[in-house]
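Please read the structure below before turning to the comments.
Counting from 1, the numbers follow the sequence of the chain as shown. Everything quoted here is computed from the prediction, not taken from an experiment.
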Amino acid sequence: MKKKERCYDVDNFVVWRHIIIVLLLLTASSGWAQKVVYNPLYNSSWRDVETGDWIISLFDDHAIYDSKMWQYDMKSNNKVVLVSGDEKLTISIGKEKDGKRLFTIGSKKHTLSAITPKSIADYPIADNTSFNTELKEGNAILSGWLRCPKEMIKDHMIVEAVGFNIASNDSQRCSVQTDSLGRFELAIPLVGTQEVILFANSSEDEFIDIGTFILTPGEKYFMLKDVQSSQTLFMGNDARLQNELQLQEDCPFVSNAGTIENPVSDDSVSVLAQKWIQNYDTFVAQSKDFFSQHPNLSKRFCDYIRADRRCYVCWGILMMHNKTYSQLLPPEVMQWVEDHSALDTSLPVNLITTMSSVLRNKRDCYVKADPRMHVLWKMPSILPWLEEKGMLHLNDKEHRAISEIEKMHREVFTLYSTMKDHIELDDSVMAIQEKYKEEGKVIEAIHQSDDYHRAVEMLCGGDGLDIMYAIIDSMCTDTLTSSIHQAQILNDYLYEEKEALPKELERYIALIKEPYFRNDIIKKNERFKRQVEVDEEAVNAVIHPSSDVEGLTDGKAIIDKIIEPYRGKIVYLDVWGTWCGPCLRELRHWHELKDELKDYDMVYLYLANKSPEESWKDIIGKYELTESNCVHYNLPDSQQHAVEEYIGLEGYPTYRVFDKQGGYHYYDRNNDNLLEFIKKIEDLN
């Protein structure tokens, strides 16, 4: 095939070529277009060769110096002029020689070396500074720059910090929104020097794990997190430890030896515990080599690493204690834990997050091993011990019953260790308990006897908390550790019960010797007391008097009268009782259901069955069932029974739904999943 000829107008081509060249020259000379050349100087960070501190970073768009971000007024390969508000700073930069440059920043001269790794963990000088162990509340101020691609930040990101208090179940969380460049400043509440986890989320659900740091109240920190280079750098008074913490991924760790899901024998726990201990011994050997290779690592970093790994192993072992038949660790394992789990009072108490769990689980082991608690808990296995102490006299029938109940417990334990299907497991356990029902009656009679009550009074004083405090005194050699244990116990009550301490428990507050923990419990307890007054007002606003349906005896008539004011709304009915465990478990999570149904105009109607008025009101307040769309009745028994017959009650709790016209609809919360229920609500709408 003949090649197709192309025809060119040579004159026009030459003319256009000259025009393009002229335009390029004009734009270049006028500054309209600049050739983009990658300059490594303007994508670099620099540290002082003598101190090892991070001094300055120069990027294409911004610079960092003196714990803040600067803009460029002018920049070249040997001179930079920075501006920040009204402040202007001139920097002269010498030529690079052996990886170093002389920076003259204002009137100060620094010999700096480029930071090439992800962090600056290795400092040229040693630091033997110890941790500040003062236990005081305050904020650490963390400012910085998340240097992310613009498409990740969009308009902003959220930076969040999470810390933990050794004496409570509470995590301290705070967050702040960055600007469009990724800059932020966050005040982080602390209780003494402590671990803080930092992370960030974008509006597009991009997650950035910034890291774990150790911050101190009253200090100011500046951080650069460069997402693209994975570099994290800290600047400021307390920056060295934060920079060293970036070395953790290279530092020896204790390998996880595993956990136990189902109950097992003591031998199985011993085998797994030995694996944990062997892994710890390996860490100890490896850490010696690591620290010798990095001789200038600060004392604080080395102390933290050793304490953190030690606590991690104790945590891993102690978590197994409730998987044995006795719910105790084998004696030799418990002794190893005891030798390695003491709170190091030369370190801040909130330094190691896992220490809180270590103390709780160790205390639990001591409590479960104490025979006085077995007496208080009415454990059949303690009855022969009481007989040996001369506090009980048991006949042959009672001895046989104790032996048989012990056999029953072993059979149940075996089921829990082998069966995975929960429904089948529950049925099997009930069958075993039924088999030993007569022996159980014998044991119950012993527990009801005067001799047993006298034994409880003599050994326990009728108060398990007194025993727990006595156990703590025997466990602890210092007031700080005992104060943490005591504060944990009272914190647990406040957290679980969501109410102020009863008067009989308030006396334990004074036993906490450490002022911070004592005052913290006092503040929380007072807050709950004040909340009672607020709750009482809120509860009274949502409860309705039985007089609303006075004289009515028919269940349908009672319901129709109650829901009449809510025509045009969907009414969700919950029949419950203060005495009903499953009812209370469901009420704890009612806000989750309400959040799922927030788009629907609904009324939540609660009818309480045989519930004393005081505890009825108490639960309404405690579980915050006091929003404006909540309606509560505590009807007389006869009217409540009539309503339950009308709706076809099947047990407690029972749920039903009434549409906008008052029509009744069946809803089985146990079998209908949430999506199916929402579909029903949509159909009713």
Side-chain angles (χ1 to χ4, degrees), residues 263 265-267 269 318 321-335 337-338 360-417 429-430 432-476 482 485-486 489 492-493 502 504-505 507-508 511:
S265 66
D266 284 10
D267 289 342
V269 169
L318 282 165
H321 82 274
N322 58 1
K323 299 300 181 182
T324 66
Y325 177 72
S326 63
Q327 298 217 326
L328 299 171
L329 291 172
E332 69 282 1
V333 174
M334 191 63 199
Q335 185 59 55
V337 170
E338 183 59 47
R360 288 175 188 279
N361 281 288
K362 189 163 72 168
R363 182 175 70 247
D364 195 33
C365 286
Y366 278 95
V367 167
K368 288 177 178 176
D370 195 295
R372 292 170 296 178
M373 297 305 293
H374 293 200
V375 172
L376 206 59
W377 293 335
K378 297 183 177 180
M379 296 177 67
S381 57
I382 201 65
L383 296 175
W385 181 82
L386 288 174
E387 186 179 37
E388 289 178 12
K389 296 290 183 182
M391 296 181 178
L392 283 181
H393 301 284
L394 303 173
N395 57 40
D396 291 344
K397 179 182 178 181
E398 290 168 334
H399 275 292
R400 282 195 299 273
I402 294 169
S403 178
E404 289 297 299
I405 291 296
E406 184 68 18
K407 188 194 301 183
M408 180 194 78
H409 288 158
R410 288 283 182 184
E411 290 179 23
V412 170
F413 178 81
T414 302
L415 286 179
Y416 274 100
S417 63
V429 169
M430 288 178 64
I432 290 176
Q433 291 172 339
E434 181 65 24
K435 184 172 70 173
Y436 292 94
K437 184 169 64 175
E438 294 305 316
E439 288 81 0
K441 291 178 180 178
V442 174
I443 301 299
E444 180 61 25
I446 299 173
H447 289 150
Q448 295 297 327
S449 68
D450 291 340
D451 285 348
Y452 192 83
H453 286 301
R454 279 192 290 270
V456 171
E457 186 63 34
M458 186 180 300
L459 291 170
C460 310
D463 193 338
L465 209 52
D466 277 338
I467 299 174
M468 292 180 70
Y469 273 61
I471 292 170
I472 289 169
D473 288 341
S474 67
M475 286 171 56
C476 303
S482 63
H485 279 294
Q486 292 162 353
I489 292 170
D492 287 348
Y493 181 93
E504 62 269 20
L505 296 186
R507 65 187 177 91
Y508 292 103
L511 300 179

Would you call the rings of Y325 and F413 parallel, tilted or perpendicular, taking 30° and 60° as the class edges?
perpendicular

So that I can tick it off, tell me whether D364 and R360 are bridged by a salt bridge, with the cut-off set at under 4.0 angstrom between side-chain N and carboxylate O.
no

V375 side chain near M391 side chain, heavy-atom distance below 4.5 Å:
no

Quick check on side chain to side chain contact (heavy atoms under 4.5 Å, CB included): which of L329, V269, V333 does H321 satisfy it with?
L329

When you measure from the side chain of T414 to the backbone of R410, do you find a donor-acceptor pair of N or O atoms at a distance under 3.5 Å?
yes

When rounded to the nearest 0.5 angstrom, what is the spacing between SG in C476 and NE2 in H485?
4.0 Å

Inter-residue atom distance W377.CH2 - C460.SG, 0.5 Å rounding:
10.5 Å

A side-chain contact here means heavy atoms from C-beta on lying under 4.5 Å apart; do H447 and H453 qualify?
no

M408 and Q433: which non-hydrogen atoms are nearest, and at how many Å?
SD-CA, 4.1 Å

Would you call E439 and R400 a salt bridge, taking side-chain N to carboxylate O under 4.0 Å as the test?
no

With the side chain counted from C-beta on, respond yes when Y366 and M334 share a heavy-atom pair under 4.5 Å apart, and no when they do not.
yes

Evaluate K362 against M475 for side-chain contact (heavy atoms from CB on, under 4.5 Å), listing each step before the verdict.
CA-CA 9 Å; K362 189 163 72 168; M475 286 171 56; 4.3 Å; yes

Output for pair (L394 CG, I402 CD1), nearest 0.5 Å, gives 5.0 Å

Side chain of Q327, backbone of T324: donor and acceptor closer than 3.5 Å?
no

Do the side chains of E404 and K407 get close enough for a salt bridge, i.e. N-O under 4.0 angstrom?
yes

Minimum heavy-atom distance between P263 and Y416, given as atom pair plus value:
CD-O, 3.4 Å

Within-4.5 Å side-chain heavy-atom neighbours: P380 and H409
yes

May I ask you to test the L386-L459 pair for a side-chain heavy-atom distance under 4.5 Å?
yes

Taking the side chain as every heavy atom from C-beta outward, state whether S482 and Y469 have any pair of such atoms under 4.5 Å apart.
no

Passes side-chain contact (heavy atoms from CB on, under 4.5 Å), I472 versus R363? Steps please.
CA-CA 7 Å; I472 289 169; R363 182 175 70 247; 4.1 Å; yes

Can you tell me how far CD1 of I382 sits from CG of L392, rounded to the nearest 0.5 angstrom?
10.5 Å

NZ/NE/NH1/NH2 to OD/OE distance under 4.0 Å, R507 and D466:
yes

Rounded at 0.5 Å granularity, tell me how far CD in Q335 sits from CD in E338.
6.5 Å

Are E444 and Q448 close enough that some pair of their side-chain heavy atoms sits under 4.5 Å apart?
yes

Say you draw a straight line from CG of L328 to NZ of K368; how long is it, rounded to the nearest 0.5 Å?
7.5 Å

Quick one: does I489's side chain get under 4.5 Å of Y508's, heavy atoms only?
no

E457 and Y452: side-chain donor and acceptor closer than 3.5 Å?
no

